[in-house]
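What you see below is based on every heavy atom in this structure, not just the backbone, and it leaves out hydrogens, waters and symmetry mates. Whatever order the structure lists them in is the order used to number ligands and atoms, beginning at 1.
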Amino acid sequence: MLRRLWFSAMYWLPRPPPWDTGVTPPELERFVASHQPGRALDLGCGTGTNVVYVARHGWRAVGVDYAGRAIAKARQRTRAAGVRCELYVADVTRLDFLEPPFDLALDIGCLHSLAVGDRPRYAAGLARLVRPGGTYLLYAFAPGGPATGLTREDVAATFATAFHVVAVEEGAGRPSAWYTLERR
Ligand SMILES: C[S@@+](CC[C@H](N)C(=O)[O-])C[C@H]1O[C@@H](n2cnc3c(N)ncnc32)[C@H](O)[C@@H]1O
């Protein structure tokens, strides 16, 4: 609850929160450049930079964030870009309202701030939504920073029943990593 209030408040400040740069990371650009468009889900999509990015590249894009102000800004961004995206104010651990399948699930900085006890529900939701062979692209801080954080072992264990880890790359700056997982 406190976390949700904190994230929501960050989107009301006069300046954008530090993560809201409007810049799509090269890891996502590379993925998009090397895959056929399909259906993509951005978990904790914030103000929609990456939902709009994938939509511009021909993907059917869905974004979910529980900060209403962030989703309102994401809607403005999609209108300004002239693309269509589905955007929902919702909790990423309660995605029963979404229909599978997705070819790509993306999480840039959301999972690492969830309470550890919420991870199984998040992982079960992803397992239901991502098609076999589909990709889950995750950027997460390591423990010890501003978020709860995850180790490589945490990521492998959280998703062990339905995904396998196919790549891990160190993130730039603070201790963090980009994970590529594939749905079994
Ligand atoms: C660090 S921000 C990153 C936003 C976006 N992915 C980006 O790169 O700009 C994390 C986002 O996850 C959202 N978030 C955190 N926990 C969430 C939850 N349980 N359900 C939905 N959204 C959540 C926050 O509101 C915030 O917009």
Side-chain donor-acceptor pair present, Asp118, Thr93, cut-off under 3.5 Å: no
Check ion pair Glu170-Arg152 (N to O, under 4.0 angstrom): yes
Check ligand 1 for N or O atoms under 3.5 Å from a protein N or O and list each pair with its distance.
{"unit_1": "ligand 1", "atom_1": "6 (N)", "unit_2": "Gly44", "atom_2": "O", "d": "2.7"}
{"unit_1": "ligand 1", "atom_1": "6 (N)", "unit_2": "Ile108", "atom_2": "O", "d": "2.9"}
{"unit_1": "ligand 1", "atom_1": "16 (N)", "unit_2": "Tyr66", "atom_2": "OH", "d": "3.2"}
{"unit_1": "ligand 1", "atom_1": "19 (N)", "unit_2": "Asp91", "atom_2": "OD1", "d": "3.1"}
{"unit_1": "ligand 1", "atom_1": "20 (N)", "unit_2": "Val92", "atom_2": "N", "d": "2.9"}
{"unit_1": "ligand 1", "atom_1": "22 (N)", "unit_2": "Tyr66", "atom_2": "N", "d": "3.2"}
{"unit_1": "ligand 1", "atom_1": "25 (O)", "unit_2": "Asp65", "atom_2": "OD1", "d": "2.7"}
{"unit_1": "ligand 1", "atom_1": "27 (O)", "unit_2": "Tyr11", "atom_2": "OH", "d": "2.6"}
{"unit_1": "ligand 1", "atom_1": "27 (O)", "unit_2": "Asp65", "atom_2": "OD1", "d": "3.4"}
{"unit_1": "ligand 1", "atom_1": "27 (O)", "unit_2": "Asp65", "atom_2": "OD2", "d": "2.6"}

Aromatic plane relationship, His57 with Tyr53 - under 30° parallel, 30 to 60° tilted, over 60° perpendicular: tilted
Asp65 (side chain) donor-acceptor with Gly46 (main chain) under 3.5 angstrom: yes
Side-chain donor or acceptor of Arg39 paired with backbone N/O of Pro101 under 3.5 Å: yes
Enumerate donor-acceptor pairs with a distance under 3.5 Å from any side-chain N or O in residues 80-89 to protein atoms, sequence neighbours excluded.
{"unit_1": "Glu86", "atom_1": "OE1", "unit_2": "Tyr88", "atom_2": "OH", "d": "2.5"}

